[in-house]
Amino acid sequence: MTDICQEELKDNFDHFDTDGDGSIQLSEFERLLQALEALEPGESAEIGFNAIDLDGNGSIDFEEFSEWFNSQ
């Protein structure tokens, strides 16, 4: 995985947080995966979403996103 600074990562996170609420919902996560061409037609993003949503609250905050990204 490429080196990316936290500021750049936050910018990317904010880009996909389309409603600006500080977290990524499943629908926003699906758009992120589609933009990365990481989602096959008919494939569900929910499994990956749930794996990143560590606290299980139904959204991915920047801390969870950053932790997941840096573990890749």
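In this chain, residues are counted from 1 in sequence order. All of these numbers come straight from a predicted model, not from anything done at the bench.
Heavy atoms of other residues, nucleotides or ligands lying less than 6.0 angstrom from CD of E43 number more than 12.
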*Output, in order, the C-alpha distance, side-chain angles, deciding distance and verdict of side-chain contact (heavy atoms from CB on, under 4.5 Å) for F29 and I52.*
CA-CA 10 Å; F29 185 69; I52 299 169; 3.7 Å; yes
*Test log, rule side-chain contact (heavy atoms from CB on, under 4.5 Å), inputs Q6 and N70*: CA-CA 10 Å; Q6 285 296 101; N70 290 316; 3.6 Å; yes
*May I have the step-by-step check of side-chain contact (heavy atoms from CB on, under 4.5 Å) for D17 and F62, ending in yes or no?*
CA-CA 10 Å; D17 176 18; F62 180 70; over 6 Å; no
*Just do the side-chain contact (heavy atoms from CB on, under 4.5 Å) check on E63 and L54 with the steps written out, would you?*
CA-CA 10 Å; E63 185 177 321; L54 298 176; over 6 Å; no
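To the nearest 0.5 angstrom, S66 atom OG is 12.5 Å from I60 atom CD1. A distance of 10.0 Å separates CG in D14 from CZ in F65, rounded to the nearest 0.5 Å. With rounding to the nearest 0.5 Å, the separation of CG in L26 from CG in N50 is 7.5 Å.
Nearest heavy-atom pair across L9 and F69 is CD1-CG, 3.7 Å.
The hydrophobic cluster containing F49 does not contain I47, counting ILVMFWY residues as joined when their side-chain heavy atoms lie under 4.5 angstrom apart, directly or transitively.
For E28 (side chain) and Q25 (main-chain N/O), a donor-acceptor pair under 3.5 Å exists by modelled atom type. Between the side chain of E67 and the main chain of E64, no donor-acceptor pair closer than 3.5 Å is present. Not one N or O on the side chain of N12 forms a donor-acceptor pair closer than 3.5 Å with the backbone of F16.
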